[in-house]
Structures are given as C-alpha cells and as structure tokens.
Amino acid sequence: MTVTVQAVPCLSDNYAWMLRDAATGTVAICDPGEAAPVIAALEAAGGRCDLILLTHHHGDHVNGVEEIRAKYGATVIGAQADAQRLPKLDQAVIPGDTIKVGQTEGQVIDSPGHTLGHIAFYFPDGDVLLCGDTLFSLGCGRLLEGTAADMFRALSLLKVLPPQTLVCCGHEYTESNARFALTVEPENEALRRKAEAVKAARAAGKPTLPVTLGEEMQTNPFLRASTVERLAEIRTAKDNF
Ligand SMILES: [Zn+2]
C-alpha cells in the first residue's frame, strides 16, 4: 500500500484523516476541524505535516488549519470554486485535477450537494477516499446548498470506485444513520447485521470508520437510491426523522 490512513477524532463527532505516503514519509491531514487533537496525532506520528486537504468550507472541517499551517508550514489545498470562503489556499484545485501526497497521486472529484464547492479526494493506489460530508456510513450529507440532483450526481461519481475503497467520512454518524436506514430497508439482511455491529462498536467506544465502499453499496439507502427522486424522498425523510 502506498498510503496509510488514520482517523483523528475532533470536536464531538468529527474525524480529520491523516494520510502518510510510505515511500517518502509525506504526511497530509484532511479537514482539521480543530488543531489540538490533530497536532497530538501528528506529533505521535513523527511531527511532520506537509499538506492540509480541505473538502469544504464548514468550520468543523477547517478551524484547525491556521494553527497547523503555522506550526508545520503545511501547504493548504482546497477547491478553487470555494477559495473565498476557505482558509487561504496555497494550491487551489478544480475537479479532475491530480494532487500528490509524496509519490501517491490523488484525484480531485466534484462532490456538490452538502455545499456547492465540496470536493472529494481519491487515492487509487491506497484505496482511500476522503469524502468530507458528502457520503457517510449509512447516510449522506444534508443538502445545505445543493439539490438532490447535485447529491445524486456526486454519489454517482463515488459509486463507481472499486469496492475495496476505504470510505473516510467527516463524521461519526453511523449509529444514528443505521436507525434511519432500517426504516427505509427493514428487510435488508446486510443492513441489519451492520446495524448490530455498529451498535457493538460504538458501545465499545470504537470508530465505525473507515468502511469499504462495497459494504456501503449493500447497506446505505442513499447510495442505493437509483433515481434522483428516490434520493430526494429519503433525504427529506431523514431530515424529519
Ligand atoms: Zn459540512
């Protein structure tokens, strides 16, 4: 594997994600919502942070940026479309661009819906997807700026990635998402088993992420919705759940 990934719990239920390129030791941190736990994780991993990757502009994903940038001199990468409302970008990217974490290449994927300038980062060689607040385990992001059609298109771009892809989401929402998902697909055996496993993991204080895309394809009603209308319907139902 060319990159390894580690969850760094932040705030009440956020995750920042730490990536390390095996060949060069280059370290990237995605979506540092606060500085202290991220700096602690970076120090434990060798005290290096080369890159900060941002999926979208919300404070719980960017509020740690300036302190981490100042301490490590990290290069901050985010969407050009959202440059005005992100922390100052050193590298502004557009969907389709390639970034590099050491020798490992990452693809920038358009991921609108939760916010309009939202992007995801996909590293094919390490099977790592950093999807911010677009896709959650057993859920998807709220449509705060985009439409159901935007989110459907965003999820369509993620669905086609290999099943072994490690989905690294911005929040630990899996247990509450499972309760809703079971109301949508009560007969889904894989989902029922998953809901039990998630409950046990959370009771033991363990993260439920990352999760493979293959598992999500079997259990996540938002990812399984085959039309925009169906996605819109279950998104509205979840908002009122
Ligand atoms: Zn957000």
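Note that the numbering runs from 1 along the sequence shown for the chain. Start at 1 and go down the list; that is how both ligands and their atoms are numbered. All values below were derived from every heavy atom in this structure, side-chain atoms included, with hydrogens, water molecules and symmetry-related copies excluded. Quantities reported herein were computed from a predicted structural model and do not represent experimental measurements.
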Measure distances from the Zn ion (ligand 1) and count the protein N, O or S atoms below 2.8 Å. 4
For Glu172 and Thr208, test the side chains for any donor-to-acceptor distance below 3.5 angstrom and give the result as yes or no. yes
Let me see the working for Thr24 and Asp21 under side-chain hydrogen bond (donor to acceptor under 3.5 Å, both in side chains), right down to the final yes or no. CA-CA 6 Å; Thr24 60; Asp21 175 55; 2.5 Å; yes
Answer with yes or no after comparing the ring centroid distance for Tyr15 and His171 against a 6.0 Å cut-off, counting only values under it. no
Salt-bridge contact Asp110-Arg153 (side-chain N to carboxylate O under 4.0 Å): yes
When you check the gap from the basic side-chain N to the acidic O, do Glu145 and Arg85 get nearer than 4.0 Å? yes
Cut-off 3.5 Å, side chains only: do His118 and Asp82 have a donor facing an acceptor? no
